[in-house]
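The sequence lines fix the lettering, A, B, ..., with proteins before strands; numbering per chain opens at 1. Remember, it's a predicted structure, so these values are computed and weren't measured experimentally.
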Amino acid sequence: MEEYASKWMKRWEEARAFEAEPDPKRRKVFVTFPFPYMNGPLTAGHIFSACRIDTFARFKRMQGFNVLYPWAWHWTGQPVVAAAQRLKEGDPVQRRIFLEMDRVPEKELSKFVDPVYMATYYTAENRQVVKSMGLSIDWRREFHTSSYEPLFDRFVRWQYNRLRELGYVVKGTHPVVWCPKDKSPTQDHDRLEGEGVAPEEYTLIKFRLDGTDEYLVAGTLRAETIFGITNIWVKPDGKYVRIRVDGQVWVVSSETPGKLAEQLMKVEVLSEVKGSELLGRICIAPFTGRRVPVLPALFVDTGSVTGIVYSVPAHAPYDLLALRDLASGDKRLPSGFGQIAVGISPIPVIKLAGFEEIPAAQVVDKAGVKDQLDTKAEAATKDLYNREFHSGIMLENSGKYSGMPVSEAKAAVIQDLKAAGYALSFYDLPEPVICRCNTSCIVKVLEGQWFLTYGDEVWKSRSVEAIRRARILPEESRQQFIQTVHWLKAYPCARKTGLGTRLPWDEEWLVETLSDSTVYMAFYTIVTQLRRYQIKPEQLTDSALTYIFMGKGSLSSVAEESGMGPEILESLRNEFLYWYPVDLRNSGKDLVSNHLTFFIMQHVALFEESHWPRAVGVNGMVQLEGARMSKSHGNFVSAKDLINEYGADASRATLLASAEALDDPDWRSKNAADMRDKISSLPSFVQKTLSNSKEREGDMLDRWLFSQLQRRIIAVTEALEELRTRTAFYNAFFAPWNDVRWYLRRTTPNRSTLTRFFEEWIRLLSPFVPFVAEEVNERLGGKGLISLSNWPEIRKESIDIQAEAAEELVDGVVRDIKGILGVVKKPVTSALIVVADRRAREALKETVRLLSSGKKEGEVIGELVASQADTDRASYSKLVQAALRHCRETGIERISRIMEAQVDEAEVLTSASDFIAKETGLKSIKISYEEEAGEGKKGRTPLPAKPVIILT
RNA sequence: GGGCCCGUAGCUCAGUAUGGACAGAGCACCGCCCCUCUAAGGCGGGGGUCAUGGGUUCAAAUCCCACCGGGCCCGCCA
C-alpha cells in the first residue's frame, strides 16, 4: 500500500538528510532513544518511544535546529548468551519463540547457538525496521556495545576507570538466590517454583545453653521482640548439629551449615544432635538474662533459617498456638513438657492501638486458628507482624527502647545486639525456590562484587538537583525520579557471564548492562570522526577521552600519548562540546526507576553541570489488544509485523494517537486498519479537492480557513514542545481535515487558498507521518524534501476572530434549525432569524462587564435598569435578564470573545442564507433586526451569538 | 507489603490543577448521497448511572473519604 515509502527512504538516504554535522551557526538539539537489547525483534513498545522522539526530532529540524538523532544497539548482558545456550540444549520453548514469535527463518536458527551471530542477525534485522519506520537517524553514528565493538569498549573502560577514580565504584558483597548445582544465580525465569522470592535478611540471635559455652542460634525477622521471649522451640524429631563458627560452638539444624558456608562464614561440623536431646534445657536470653526452656514444637521447619525459633507468644501466633498445644497435652508432641508450658505466660512488649494486651491471642481467636499446624496461622501472623511494625509502640519493659515505634526499635535492637556480640545477619529465602534443574536454591553471598555507590549522599543530592533542573515530560514523573534517587543503594555493576566490556582493573568481571548504558550518548558525538580518522582502539586512551569530554590534561602530552594528532583531539572535543548535553531522552515508564535515573546520576558523576541532561521524557507501556504484551502468552507483535500489515505512517500514527503522558497506549489492529485507510486516502483527498477548486477572489471563508490553520499550528507546536504527541497529532491531522471539510461545505473552493493550506498542512503532518507527507508534497509540485522544509510559521495576523465568530454563528444557527425541525410537527418551509440590535448588544456588553467585575446577578439587574430612562426600564430589565441567562448558558469567556469580534450578524447570516437553506432544506431564510421583526418571536429576546429563530 | 499512576460513549482518549455552559474528539457503528463495481469521499444519526458508595457545596467527572478494578516499579532481567 505504501509503495512510495521505499522511494522516500532512498531519497532521504541519498540526500543524507538526517546526517548531522556540527554547525556553530545553528542551534543544536540532541535527542536519544535508549539502545534496544538485541535478543529479539523490536516491538511496538520500542517503536512507540522511538517515534515520539523522532516526531520531536523532525519537528525541531523543521524549526531550523541542527538535530542529532543517533542510534545504537545493546549487546551487553546475559540473555543472548543464555538463549543461545538454551537453543544448543534443544529447549523447545526457546525454539518456538524464535520461530513463531520472532519469525527467524529455520536456516538461520541453527547459527543462533553463537550468541554473537544472534546479536548480529537481530541488529541487521532491526536496523531495517528502524529505517522502514522512517526514523530520522544519522546512521553514520551507529554502533553496538560490548567488546565486539572495540572503540566503544574503550569508552566504557574509560567510564569505569573514571568512576573508580572518583570513588563511585567499590568492592562489596551481595546476597543472591543461588542454585548449588548450577553454581549460578537463579533468576525468576530460571525457576520452577518461587517466582519473585528474594533473599530476606534475618537476624541470628545466640542463646547460651546454661552451663556450657555453646549457643543455640535462632533466626528471626523480629529481633525487637527479644524482650518478650518465654522459651525456645526446636523440632523434636529434627536433626541438629553442633558446629564451630568463629571459635564458638553453635547448635543449629543440619541444613544450616551449608547455608552459612555460602555466606562467607567458616563452618566446621562437630557432631550431630537430635532435637529431642535439646528439650528441657535452659538458655540465657540476651539483654534480659532471662532463663528460658527449650521446648518442642511442630511448626518448626529445620530447613528454614536455623531451624531454631525463639518464642514470643504475646506477639507471634505460632508461638502462642504451640504453647497452647503443649499445655493441653497434644499427643503429637513428646510428653513431659506440658507442665512447663502451663507455667508460661505470654509477655507483651508491644502496644498496638485497638488491640488487647496479648495481640496474638486476639488474632488467633478471631480467625479461629485451632493449632500450630492450622494453615490459617500464616495469614494471622503476617497481618499482626505488619500492624505491629507500622503502628506498634514498645512497652516500658523494653529497656531503652521503651516508647519507641516498633519500626525504629527493630533497627536499634539489631544494631545493639550485634554490637554486643549476640547477633549477626543471615540471609535466607522466605519461601522455597526450585531451580529449573530441580535443585532447591539457597542464598549465596557473592564476594568481591563491584558496586556503584548510588547510595552516596552527596551523589544523591547532586542528582536530585539535576532532576530539578531538567525538564521532565510529563511533569508527573518528576516525583518518581526523585523517589528513585532516594531509594537507590549500592548497585552491583559487574557480572561474570554474558557479553560486555571487561572492568579494566579486574578483567574477570564484565560491566553489566544497566551500567554501560548510562553515558554512552557522549560516544555518539565523536564516533563519526573516530571512524573518519580511522582512530585505532588503543589510541582511544583514558587521557584522550578525558581530554575530549572534560577538557582536562595537556593537549600536547595527550596527543603524544594517544598518537592522535592535536588537531584531531581538538576537533573531537569541539564536536562533543557542540552536541552535549543531551536535550531529550525518552523511554517507557518502567525505566524510570532504573535506567533513566542511572542515566542522570552517572552524568552527574562524570560530567560538568552544563552537560547534565536537559530533558527526560517518559511514556506508558504499549498494550496489545488490551493486554500486556508477552511472548510466553503469545500476545506479541513485532514492529516488522506492524509495518508489513499497516505501513510505517499508519503504525506511527496509531501509536502516537493512542496515548500520551503516562497512559498506556493500546495497539488495536482495528484502529490501525482504520488509520491506514484514512492516511492512504490523504493524497487522493488533496488531489481531488484541488481539482474541484478554482481561482476566485478570497472571501471570509478563506480567511476563516487560514485562521483555523493558525490555531492548529499553535496547538501542534505547543503540544510537541511538551512531547504531548497525541494532542499534537490530533491537531495536525484530524482537526485540519475537518476544517477543510467545513470549508468545502460552506463555499466554492478557492484553488490558491487550498494550495497554500495544503502546503502548510502537510508540513504540519510531516513529523508524524513523514512518508505520506513527502508524497503529497511531491504531488503538489513541491521541490525538495518536506522533512527538511520549514515548520509552518505562526502568523498571528492571520487569526481572524471575526471570521471565526461568524462561522461559529452560522454553524450554531444551522444546528439550531435542525434541532427544531427534529421536534416540530407541522411542516415548515421558511425561517425568520432575528438578530440582536444595538440596544441588545449594549445590554449584553454591560452585563458581561459587571459580571466580570464580580457583581452578583441581582446587582447587575439593579444597576443596569437604574441607568435607563423610566419608560425603558421594563423592557431593559427583560433584556438584562436574557443577557444573564445567556452568560450562564454560554459562558462569559466565549461571549466576550464573540463580542470582541463585533460581527455584523445580519450581514453574515444574509450572505450565508443560501447555505443555511441548503443545509436545512428550508425554502426561504429571512434575516431581520429585532425592531423589524414584529410579532411571532413570542417574547424571546435575540442577543449577540444568540439569534431568535422562528420557523413557519 | 510499599511508592507512583489510571478507571469518562463499542474502541482509543480530551475534560479533573483554578468545581459551574447540553460531558467532548477521533475512529467504529447505523442511515442517506456519490459511484459501473470495490476502496475512498460527502452528509446526517444513535450511543455515556463520567468504576462504585459516601461526604463537602447553591452546584462535583472535577475537591475529600472509603471501596472495587487495572498498570508500572520495588536491584542482579533488560
Side-chain angles (χ1 to χ4, degrees), chain A residues 34-40 74 76-80 82 174-177 185-190 196 198-199 382-383 385-386 389-390 446 449 451-452 454 474-477 479-481 483-484 486-495 498 512-515 517 588-595 597-598 618 620-621 623 625-628 654 657-668 670-675 677-678 680-685 688-689 724 726-727 729-731 733-735 737-738 741 744-745 818-819 822 885-895 918-919:
Chain A
F35 41 33
Y37 188 63
M38 283 302 97
N39 66 336
H74 208 188
T76 308
Q78 305 170 102
V80 167
H174 180 72
V176 295
V177 179
T186 311
Q187 304 311 323
D188 262 356
H189 55 262
D190 290 330
K382 268 197 173 152
D383 181 54
Y385 278 21
N386 243 315
F389 180 75
H390 289 291
L446 295 178
Q449 285 248 118
F451 288 85
L452 285 163
Y454 286 138
E475 185 56 41
E476 298 100 278
S477 296
Q479 198 47 39
Q480 211 195 330
F481 277 98
Q483 267 323 341
T484 303
H486 288 317
W487 279 337
L488 281 171
K489 296 183 284 197
Y491 182 87
C493 61
R495 289 223 192 91
E512 70 77 60
T513 138
L514 243 48
S515 301
S517 57
K589 60 189 175 188
D590 54 333
L591 296 191
V592 171
S593 57
N594 41 65
H595 167 74
T597 300
F598 294 178
V618 181
M621 312 295 291
Q623 313 272 304
E625 307 296 343
R628 191 186 174 173
T654 304
S658 69
E660 64 190 14
L662 296 179
D663 292 328
D664 296 331
D666 187 6
W667 177 277
R668 300 264 168 176
K670 189 81 164 54
N671 288 358
D674 296 335
M675 189 65 84
D677 293 344
K678 188 91 180 158
S680 66
S681 70
L682 182 68
S684 61
F685 172 73
K688 202 161 67 184
T689 306
R724 285 183 289 118
R726 181 192 151 82
T727 302
F729 181 71
Y730 168 78
N731 281 291
F733 188 67
F734 295 111
W737 197 311
N738 286 335
R741 277 157 69 176
L744 295 175
R745 256 167 96 185
K818 280 178 177 166
R885 199 179 322 119
H886 189 24
C887 288
R888 255 196 327 268
E889 287 168 357
T890 311
I892 288 185
E893 206 173 291
R894 189 167 148 205
I895 288 180
K918 193 179 84 193
E919 291 283 316

Rounded to whole Å, please give me the gap between [atom1] in [X] and [atom2] in [N].
| X | N | atom1 | atom2 | answer |
| --- | --- | --- | --- | --- |
| Phe685(A) | G42(B) | CZ | P | 6 Å |
| Phe481(A) | C73(B) | CZ | C1' | 12 Å |
| Met621(A) | C5(B) | CE | P | 17 Å |
| Asp674(A) | C11(B) | CG | C1' | 9 Å |
| Glu475(A) | C4(B) | CD | P | 16 Å |
| Arg741(A) | G41(B) | CZ | P | 8 Å |
| Leu662(A) | A14(B) | CG | P | 11 Å |
| Lys678(A) | G42(B) | NZ | P | 6 Å |

Selected nucleotide, minimal atom distance to [X] side chain, candidates [options]:
| X | options | answer |
| --- | --- | --- |
| Glu919(A) | C43(B), G71(B), G41(B) | C43(B) |
| Pro79(A) | U12(B), A78(B), G41(B) | A78(B) |
| Arg726(A) | C72(B), G71(B), U12(B) | U12(B) |
| Trp487(A) | G3(B), G75(B), C27(B) | G3(B) |
| Asn594(A) | C5(B), C43(B), A78(B) | A78(B) |
| Leu514(A) | A78(B), C43(B), A40(B) | A78(B) |
| Arg745(A) | C74(B), U12(B), G44(B) | G44(B) |
| Ser684(A) | A40(B), A78(B), C72(B) | A40(B) |
| Ser593(A) | C73(B), G44(B), A78(B) | C73(B) |
| Lys589(A) | G71(B), A40(B), G42(B) | G71(B) |

Is there a Watson-Crick or G-U wobble partner for [N] with both distances under 3.5 Å, and which nucleotide is it?
| N | value |
| --- | --- |
| G26(B) | C11(B) |
| C37(B) | none |
| G1(B) | C74(B) |
| G53(B) | C65(B) |

Inset, instruction - Look at the side-chain N and O atoms of Asn738(A) and state whether any lies under 4.0 Å from the OP1 or OP2 oxygen of G26(B). - result: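 Yes, within the criterion.
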
Inset, instruction - Would you tell me if any nitrogen or oxygen in the side chain of Arg668(A) comes within less than 4.0 Å of OP1 or OP2 on U12(B)? - result: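 For U12(B), OP1/OP2 do have a side-chain N/O of Arg668(A) under 4.0 Å.
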
Inset, instruction - Just say parallel, tilted or perpendicular for the rings of Trp737(A) and Phe685(A), cut-offs at 30° and 60°. - result: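 Answer is parallel, since the angle falls under 30°.
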
Inset, instruction - On the 0 to 90° scale, with breaks at 30° and 60°, tag the Phe729(A)-Phe734(A) ring pair as parallel, tilted or perpendicular. - result: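 The arrangement is perpendicular - the two ring planes meet at more than 60°.
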
Legend entry - Whole-angstrom distance between G24(B) and A61(B), as gauged at atom P: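 It works out to 13 Å between them.
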
